[in-house]
Trainee: 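My questions all concern the structure below.
Throughout, a chain's letter reflects where its sequence line sits, starting with A, and its residues are numbered from 1.
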Protein chains: 2
Amino acid sequence: MTINLPPLSAIRAFEAASRHLSFTKAGDELGLTQAAVSYQIKLLEEKLGFAVFERKTRKIDLTQKGALLAEGVVEAFSRLRQTFQDVQDADASELVVSSNTTFAVNWLASRMFSFQMQNPDIAVRLVSYGPWEKPKFDQADVTISACYPPPKGNLFIPLIAADFTPLVAPQLAESIGGINTPADLLKLPIIDPDDPWWRTWFSAAGLPDADLTKWPTSRMGSQALEANRAIAGQGVAILTPYFCRQALQQGQLIQPFDLVCAANDESWALSYPPRNKNSRKVRLFQDWVVSELGRDGLHCPEAVLIGQDD
Amino acid sequence: MTINLPPLSAIRAFEAASRHLSFTKAGDELGLTQAAVSYQIKLLEEKLGFAVFERKTRKIDLTQKGALLAEGVVEAFSRLRQTFQDVQDADASELVVSSNTTFAVNWLASRMFSFQMQNPDIAVRLVSYGPWEKPKFDQADVTISACYPPPKGNLFIPLIAADFTPLVAPQLAESIGGINTPADLLKLPIIDPDDPWWRTWFSAAGLPDADLTKWPTSRMGSQALEANRAIAGQGVAILTPYFCRQALQQGQLIQPFDLVCAANDESWALSYPPRNKNSRKVRLFQDWVVSELGRDGLHCPEAVLIGQDD
DNA sequence: ATCTATGCATAAGGGAAATTTATGCATGAC
DNA sequence: GTCATGCATAAATTTCCCTTATGCATAGAT
């Protein structure tokens with residue numbers, strides 16, 4: 001099955017030289033000197049044991065065997081180039097974005113249209129993952145994640161601080177005569193009481209021992225679903241205010257306390273493997289995300305290299 | 001026309017890895033370590049901007065794009081291998097021998113059959129060149145020449161000293177009452193009087209001023225033709241005794257004088273370009289020539305490298 | 001005929017890139 | 001839990017590829 005080929009650089013030089021019938025022109029095409037091509041051809045002839053070019057003065061011709069070789073070699077390289085071209089074209093035209101559901105629903109979904117209008121040559125495929133899945137950093141061109149640090153070596157841009165505070169529908173707050181102290185919250189149904197954010201927030205609010213066990217476990221899996229239940233008046237949820245701007249502005253939800261906690265490691269961030277550093281589609285997407293955030297008054301730091309693995 | 005391909009060594013590693021779905025096995029096939037393949041694949045992915053393999057535990061799979069690439073790349077390499085295989089097979093099975101006419105007629109012709117019997121897989125093409133042509137060292141696998149030194153770098157085996165002495169048909173010698181002194185030769189027609197060998201020989205025989213101009217110029221071009229004329233009694237020729245062994249043994253020719261001159265640079269020799277150093281067919285031919293000469297009691301020195309150009 | 005420009009060959013030297021060695025890590029099998 | 005397998009990674013080394021600087025031959029021009 002496996003015949004030993006001569007050195008591939010020699011074959012490549014031969015391929016170009018056989019098309020141009022000139023070492024000098026072949027060198028130009030390959031970005032090499034004439035001497036380099038001459039060297040490679042000689043090497044090839046050495047390996048093969050026969051001449052592939054006849055050296056005339058100021059021109060070269062393929063020998064008979066050289067011509068036979070050239071035919072197959074040129075075709076093989078043509079096939080190679082075509083293959084890479086095709087796949088690279090396909091790659092350039094499809095952007096796979098992996099995002100956790102929260103970000104996808106609260107942020108991406110409503111804005112993606114603008115990206116697609118700006119970049120009609122790029123097809124976007126959005127792959128979201130739930131809160132119990134790990135982001136598939138390696139299967140997407142770019143990933144938006146929280147909680148999980150990207151693999152070492154990835155490029156990383158913090159987007160949005162994952163801060164949180166209880167939010168509640170105004171009618172529900174009224175139903176207990178208004179919410180004045182953190183303890184008042186415990187009079188209401190707690191949406192997703194297992195979310196560790198609750199414990200963090202109650203501790204910061206001076207109630208480290210708040211009993212959160214009396215409500216049934218029901219992790220929703222995304223802030224979008226929790227927010228919907230809160231808006232529907234089914235309970236009080238712990239949410240990131242930025243994602244609920246609209247509901248807050250429109251009065252569907254209110255924020256009873258100024259106390260907003262921030263998760264340390266759990267900011268939303270955009271990241272991608274280093275091989276995409278120069279990828280056009282990834283750059284376009286990153287720039288678009290950053291500019292969208294800018295329109296909300298949020299400014300993102302530069303991309304940094306992740307130095308440590310999880 | 002010319003798309004930049006990723007590094008060819010990376011493509012080669014990918015080709016093997018995509019067939020084996022294993023870096024380790026690909027390394028084995030290519031004669032590399034697993035680490036080298038891993039490195040090359042990573043390099044390729046870096047250049048392309050997307051992954052070609054999905055790393056699972058203890059196995060790898062092609063990604064979607066990787067699979068597209070693999071198809072074309074494997075085919076292209078298959079084409080390359082086939083091409084080189086075919087041409088190398090063709091090369092191995094045809095031996096082109098360039099020889100001057102003298103050696104071809106006097107020596108090769110009658111013996112070539114034995115070589116072909118010993119090596120039925122090798123087709124021999126004999127290209128002879130006349131005395132006024134230069135040997136085409138570069139167009140033959142192996143060249144047998146005299147007078148012209150092979151190009152620098154060629155391998156070179158002296159075969160037969162080009163010595164010479166006048167030979168004549170016995171009847172012709174009788175016709176002038178026998179040949180007793182070198183001057184007697186001048187009473188007979190001189191075949192090919194322009195051959196510089198005559199001047200050399202007459203000088204050595206004490207007649208540096210022998211007048212050779214009275215016979216018409218007629219360079220025959222090969223000892224075979226001159227020998228035939230001598231045998232036919234048309235004159236006296238200056239010939240290499242080794243090539244006329246048969247005629248001398250059978251009494252068709254006689255050698256009037258023991259004086260045999262040797263040409264310095266003009267021995268017959270076998271030579272070939274250095275790229276054929278390890279060529280099977282050339283080695284077989286060289287060994288056969290040497291052994292044939294050995295049967296005539298002649299022993300050849302080792303091959304030497306030509307250090308100076310003509 | 002002489003001169004010039006063009007194109008390939010060659011030698012020496014430098015340097016980038018490929019490869020190896022020596023690890024580490026994850027996981028599937030026992 | 002332990003071992004074996006297979007890929008990843010870092011550092012060091014080596015290979016060999018390429019360039020620079022020449023030489024040489026000759027076709028074409030004057």
Side-chain angles (χ1 to χ4, degrees), chain A residues 6-14 16-18 20-47 51-63 66 134 137-138 151-154 273-275 305-310, chain B residues 6-14 16-18 20-47 51-63 66 134 137-138 151-154 273-275 305-310:
Chain A
L8 291 176
S9 41
I11 300 181
R12 173 174 46 192
F14 171 68
S18 75
H20 293 295
L21 289 180
S22 155
F23 291 178
T24 307
K25 292 200 188 108
D28 290 344
E29 172 180 317
L30 297 172
L32 301 176
T33 59
Q34 164 269 129
V37 177
S38 175
Y39 171 87
Q40 292 292 342
I41 299 296
K42 181 173 201 169
L43 196 70
L44 179 68
E45 292 178 324
E46 215 90 327
K47 295 275 177 187
V52 294
F53 286 109
E54 263 182 80
R55 276 72 162 178
K56 319 252 181 102
T57 52
R58 302 186 58 163
K59 82 182 267 223
I60 53 174
D61 271 330
L62 287 161
T63 62
K134 277 191 148 186
F137 291 104
D138 290 335
K152 184 177 168 187
N154 271 28
R275 62 168 174 264
L305 202 64
I306 297 296
Q308 62 195 357
D309 211 337
D310 86 63
Chain B
L8 292 176
S9 42
I11 301 181
R12 173 175 45 192
F14 171 68
S18 76
H20 293 295
L21 289 180
S22 155
F23 292 178
T24 307
K25 291 201 188 108
D28 291 345
E29 172 180 317
L30 297 172
L32 302 176
T33 58
Q34 164 271 130
V37 177
S38 175
Y39 171 87
Q40 292 292 342
I41 299 296
K42 180 174 201 168
L43 195 71
L44 179 68
E45 293 178 324
E46 215 90 330
K47 294 275 177 186
V52 295
F53 286 109
E54 264 182 80
R55 277 70 163 180
K56 319 248 180 107
T57 52
R58 303 188 57 164
K59 81 183 265 221
I60 54 174
D61 271 330
L62 287 162
T63 61
K134 278 190 148 186
F137 290 104
D138 290 334
K152 184 176 168 186
N154 271 29
R275 62 168 175 263
L305 203 63
I306 297 295
Q308 61 195 358
D309 210 337
D310 87 63

Trainee: So do B:Asp61 and B:Phe53 actually touch side chain to side chain, heavy atoms under 4.5 Å?
Mentor: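 Sidechains of B:Asp61 and B:Phe53: no contact.
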Trainee: In whole Å, what is the span from the CG atom of B:Leu44 to the C1' atom of C:dA17?
Mentor: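 After rounding, the gap between these two atoms is 15 Å.
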Trainee: With heavy-atom distances below 4.5 Å as the criterion, would you say the side chains of A:Leu62 and A:Phe14 are in contact?
Mentor: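 The answer is yes; the side chains approach within 4.5 Å.
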Trainee: Round to a whole Å and report the spacing from CD of A:Glu54 to P of D:dT26.
Mentor: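 One finds 15 Å between P of D:dT26 and CD of A:Glu54, rounded.
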Trainee: If you compare every side-chain N and O of B:Thr24 against the phosphate oxygens of D:dG6 (OP1, OP2), does one of them come in below 4.0 Å?
Mentor: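 It does not, given that no N or O in the side chain of B:Thr24 lies less than 4.0 Å from OP1 or OP2 of D:dG6.
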Trainee: Calculate, to the nearest 0.5 Å, the distance between atoms CD1 and CD1 belonging to B:Ile41 and B:Ile60 respectively.
Mentor: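 CD1 of B:Ile60 is found 7.0 Å from CD1 of B:Ile41.
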Trainee: Rounding to an integer number of Å, can you tell me how far A:Ile41 CD1 sits from D:dC18 C1'?
Mentor: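 A:Ile41 atom CD1 is separated from D:dC18 atom C1' by 15 Å.
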Trainee: DNA chain C: A:Lys59 or A:Ala36, which has the more 5' nearest nucleotide?
Mentor: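 In this pair, the answer is A:Lys59.
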Trainee: Nearest whole angstrom, please: distance from the P of C:dT4 to the CZ of A:Arg58.
Mentor: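 After rounding, the reported distance stands at 15 Å.
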Trainee: Measuring from B:Thr33:OG1 to B:Leu30:CG, what's the distance to the nearest 0.5 Å?
Mentor: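 Those atoms lie 10.5 Å apart.
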Trainee: Taking NZ from B:Lys56 and P from C:dA29, how many angstroms apart are they, rounded to a whole number?
Mentor: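 Atom NZ in B:Lys56 sits about 14 Å away from atom P in C:dA29.
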Trainee: Any chance you could list the contact pattern along nucleotides 8-17 of chain D? Use B for base contacts, S for sugar-phosphate-only contacts and - for none, protein heavy atoms under 4.0 Å, 5' to 3'.
Mentor: BB-------B
Trainee: First locate atom CG of B:Leu21, then atom NZ of B:Lys56, and finally report the distance between them rounded to the nearest 0.5 Å.
Mentor: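 B:Leu21 atom CG to B:Lys56 atom NZ measures 10.0 Å (nearest 0.5 Å).
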Trainee: Using whole Å, report how far CG of A:Asp28 lies from C1' of C:dT6.
Mentor: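 Spelled out: CG on A:Asp28 to C1' on C:dT6 is 13 Å.
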Trainee: Please determine whether a side-chain nitrogen or oxygen atom of A:Thr33 lies at a distance below 4.0 Å from atom OP1 or OP2 of D:dT20.
Mentor: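 No, A:Thr33 has no side-chain N/O under 4.0 Å of OP1/OP2 on D:dT20.
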Trainee: In whole angstrom, what separates A:Leu8's CG from C:dA17's P?
Mentor: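 Nearest whole value for this atom pair: 17 Å.
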Trainee: Measure the CZ-CG distance between A:Arg12 and A:Leu44 for me, rounded to the nearest 0.5 Å.
Mentor: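 Result: 13.0 Å between the selected atoms.
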Trainee: Can you list every pair that meets side chain to side chain donor-acceptor pair (under 3.5 Å) and has a residue in residues 37-46 of chain B, with sequence neighbours left out?
Mentor: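 Passing the test, one end in residues 37-46 of chain B: B:Glu45-B:Arg55.
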Trainee: In whole angstroms, how far is the P atom of D:dC7 from the NE2 atom of B:His20?
Mentor: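 Roughly 12 Å, once rounded to whole Å.
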Trainee: Under 4.0 Å between any heavy atoms, over every strand shown, what does B:Gly27 touch: base, sugar-phosphate, or nothing? Just pick one.
Mentor: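 Nothing, no heavy atom under 4.0 Å.
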